[in-house]
Amino acid sequence: MKRILTTLIITVAIMILIWMLIPPMLQKEAVKATLISPKRQTVYETISCTGNTVSKNVDRMKIGVPAQIVAVYHGEGDTIEAGELILRYKPLQNSISSEALAGIIYSEIFSNIGNMYSDFDEEQILTAAKVYAQTGRIPDYFKDFYLTDSKISAHDGNLYASISGTVTKINCTVGDIVSGVFTSAVIADEELEAEVNIPEQYLSRIRVGQDVSLYSGARSGVYFSGRLREIDTSAKTVGGLISNAETVIGCRIEIDNCDSLIPGLAVKARINCGVYENAIVIPYSAIEQDENGAEYVYRYENGYVKKEYLNSVYENDDGVVVESGFTENDLIVEHPSEDLADGMAVMAEMTGQSE
């Protein structure tokens, strides 16, 4: 009887020992997880775009009739006032045949093509083609000669400046016989603005009057303020020659205090579309996507994690702005591992310290 009792006691002890040892042996080691918290901050919703500085007002003027140039009073780079005389000419419309006029037009076209391309090497021509492909802007050296809707600011044998500014182009010299069809002089005023292209998906978010911040590499460290002055009423497609084609909306930005800028500079612009006060921002380092592209994070609480999907309203370089569901006091897993799953126990670490 005593032997049976001893055997029973030993058996019970062994069973208790097995009951205590087996569960830890079967239990998986907790996944380590680094925890961070969402940020509470003011977030400005912006649209980034690029473009160039241009003169706000550029007038291209033509004589409008066949003529011989008698005198030229201004050269390229001269400052001129509106109404000031640019050149004088002698009309020839009553003394020239249509065949002769056609010959003059033919000569003008090929002469100007030769002059334009003699000033550019292959790399510059390719660069101009790339700019046109990316922006849809016709290079000025084409517009300054070929623009068919140039203003006729000439009468009584005189061509006058239509605006005050700087003479940027004179396309004739004394003694030239011209058709009067093409641009004779170009004047640009001192006021600058920026021409930018905005991707079509942002059309619903832009409006005239929005504040803009601009930056030019030519004025490193200096930011210029401005406002969206004009939005094109139709879209255009740029790219496709060297880069992928893209549909964009052309816009013009009024620039404040732009005395240190000149036309033709590349600029980067940020259009301010709105502000989120006291927004909760989830860092990208905590965000994962499921097979459908929906974004989620793992929220930590009492040693376990829970998979939480995000209701995002905007995102920027700092992360994703969520509409609700999170506070700056929450703990979420940073760089979650592939082993992590909803409801799993984790060994949490913050700033190198384990919980």
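Worth knowing before you read on, the calculation uses all heavy atoms, side chains too, and leaves out hydrogens, waters and symmetry mates. Position 1 is the first residue of the sequence; numbering continues from there.
- Between the side chain of Thr53 and the backbone N or O of Leu265 there is at least one donor-acceptor pair closer than 3.5 Å.
- Not a single donor-acceptor pair under 3.5 Å links the side chain of Arg40 to the backbone N or O of Ile280.
- A single hydrophobic cluster is not seen to contain both Val70 and Ile177; linkage of ILVMFWY side chains at heavy-atom distances under 4.5 Å, directly or through other members, places them apart.
- In the hydrophobic clustering of this structure, Met61 groups with Val174; members are Ile, Leu, Val, Met, Phe, Trp, Tyr whose side-chain heavy atoms approach within less than 4.5 Å, directly or through other members.
- By the neighbour-count criterion of 12 heavy atoms within 6.0 Å, atom NZ of Lys307 is densely surrounded, having more than that number from other residues, nucleotides or ligands.
- Ionic pairing of Glu328 and Lys39 is not present here: no N-O contact between side-chain nitrogen and carboxylate oxygen is shorter than 4.0 angstrom.
- One hydrophobic cluster, built from ILVMFWY side chains closer than 4.5 Å, holds both Ile249 and Val208.
- Side chains of Ile86 and Tyr160 form no contact here, defined as non-hydrogen atoms less than 4.5 Å apart.
- Taking every heavy atom of both residues into account, Ser164 and Asp189 meet most closely at O-CB, 3.5 Å.
- Residue Tyr73 places its OH atom among more than 12 non-hydrogen atoms of other residues, nucleotides or ligands, all under 6.0 Å distant.
- Within a 6.0 Å radius of OH in Tyr304, no more than 12 heavy atoms belonging to other residues, nucleotides or ligands are found.
- For Arg229, the CZ atom sits in a packed shell: over 12 heavy atoms of surrounding residues, nucleotides or ligands are nearer than 6.0 Å.
- Side-chain atoms of Asn292 never come within 3.5 Å of backbone atoms of Ala294 as a donor-acceptor pair (strictly under, hydrogens ignored).
- The number of heavy atoms from other shown groups lying within 6.0 Å of CD (Glu338) does not exceed 12.
- Glu288 has its side chain within reach of Pro336: a pair of non-hydrogen atoms, C-beta onward, lies under 4.5 Å apart.
- Taking the six-membered ring for Trp and thresholds of 30 and 60 degrees, Tyr223 and Tyr215 have ring planes inclined between 30 and 60 degrees apart.
- At a threshold of 4.5 Å between non-hydrogen side-chain atoms, the residues Tyr89 and Val178 do not count as touching.
- At most 12 non-hydrogen atoms from other residues, nucleotides or ligands lie less than 6.0 angstrom from CD of Glu301.
- A distance of 4.0 Å separates CD1 in Ile80 from NE2 in His74, rounded to the nearest 0.5 Å.
- Looking at Ser179, its side chain does come within 3.5 Å of a backbone N or O of Val181 through a donor-acceptor pair.
- Residues Val43 and Ile287 are members of separate hydrophobic clusters, defined by side-chain heavy-atom contacts under 4.5 angstrom among Ile, Leu, Val, Met, Phe, Trp and Tyr.
- The distance from atom CD1 of Ile170 to atom CD1 of Ile69, rounded to the nearest 0.5 Å, is 9.5 Å.
- Asn52 and Gly264 make their closest contact through ND2-O, 3.7 Å (heavy atoms, listed as atom of the first residue, atom of the second, distance).
- Of the candidates Ile271, Val212, Asp256, Asn272, Arg227 forms a side-chain contact (heavy atoms from CB on, under 4.5 Å) with just one, namely Asp256.
- Distance CG/Leu85 to CG/Asn158: 5.0 Å, rounded to 0.5 Å.
- Residues Leu310 and Tyr296 form no side-chain contact, since every pair of their non-hydrogen atoms from C-beta on lies 4.5 Å or further apart.
- Between Glu323 and Asn311, the side chains place a donor N or O and an acceptor N or O closer than 3.5 Å (distance only, hydrogens not considered).
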Let's go through Ile47 and Cys273 carefully: what are the C-alpha distance in whole Å and the side-chain angles of both, what is the deciding distance for side chain to side chain contact (heavy atoms under 4.5 Å, CB included) to 0.1 Å, and is it a yes or a no? CA-CA 7 Å; Ile47 296 172; Cys273 300; 3.5 Å; yes

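- With a 6.0 Å cutoff to the six-membered ring centre and a 45° limit on the axis angle, Arg219 does not count as a cation-pi contact of Phe224.
- Minimum heavy-atom separation, Ile332 to Arg299: CG2-CA, 4.2 Å.
- A 4.5 Å side-chain heavy-atom check between Ser184 and Ile63 finds at least one atom pair inside the cut-off.
- In the model, Glu190 has a side-chain atom that pairs as donor or acceptor with a side-chain atom of Thr166 under 3.5 Å.
- Taken to the nearest 0.5 Å, the CG atom of Leu214 stands 11.0 Å off from the CD atom of Glu254.
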Walk me through it: do Glu76 and Thr168 pass the test side chain to side chain contact (heavy atoms under 4.5 Å, CB included)? CA-CA 5 Å; Glu76 295 175 9; Thr168 61; over 6 Å; no

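- The backbone N or O of Asn57 sits nowhere less than 3.5 Å from a side-chain atom of Ser55 that would complete a donor-acceptor pair.
- Within the model, atoms CG of Asp259 and CG of Leu192 stand 9.0 Å from one another, a figure rounded to the nearest 0.5 Å.
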Handout entry: side chain to side chain contact (heavy atoms under 4.5 Å, CB included) evaluation trace for Val196 with Ile253
Key = CA-CA 8 Å; Val196 299; Ile253 298 170; 3.9 Å; yes

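- Heavy-atom minimum distance, Ala33 versus Val333: CB-CG1, 3.8 Å.
- The OH atom of Tyr298 sits 8.5 Å away from atom OG of Ser337, with the distance rounded to the nearest 0.5 Å.
- No side-chain heavy atom of Lys56 sits less than 4.5 Å from a side-chain heavy atom of Arg252.
- What you find for Leu228 and Cys251 is that their closest heavy atoms are CD1-CB, 3.7 Å.
- Taken together through direct or relayed side-chain contacts under 4.5 Å among Ile, Leu, Val, Met, Phe, Trp and Tyr, Val58 and Ile262 form parts of separate hydrophobic clusters.
- Judged purely by atom type and a 3.5 angstrom limit, Gln41 has no side-chain atom pairing as donor or acceptor with the backbone of Glu277.
- Put simply, the residue from Val297, Leu340, Leu331 that forms a side-chain contact (heavy atoms from CB on, under 4.5 Å) with Val305 is Leu340.
- Residues Ile36 and Pro283 are in side-chain contact: their nearest non-hydrogen atoms beyond the backbone lie under 4.5 Å apart.
- Side-chain contact check for Asn197 and Glu246: no donor-acceptor pair (N or O, by modelled atom type) lies under 3.5 Å.
- A donor-acceptor contact closer than 3.5 angstrom is absent between the side chains of Thr34 and Glu334.
- Dense packing is recorded around OH of Tyr309, with more than 12 heavy atoms of other residues, nucleotides or ligands lying under 6.0 Å away.
- Contact check for Glu295 versus Val320: side-chain heavy atoms found under the 4.5 Å cut-off.
- Counting all heavy atoms, side chain and backbone alike, Tyr284 lies closest to Asp317 at CE1-O, 3.8 Å.
- Using a distance-only test at 3.5 Å, with no hydrogens or angles considered, a donor-acceptor pair links the side chain of Ser37 to the main chain of Asp330.
- Taking a 6.0 Å sphere around CG of Asp290, one finds it holds more than 12 heavy atoms contributed by other residues, nucleotides or ligands.
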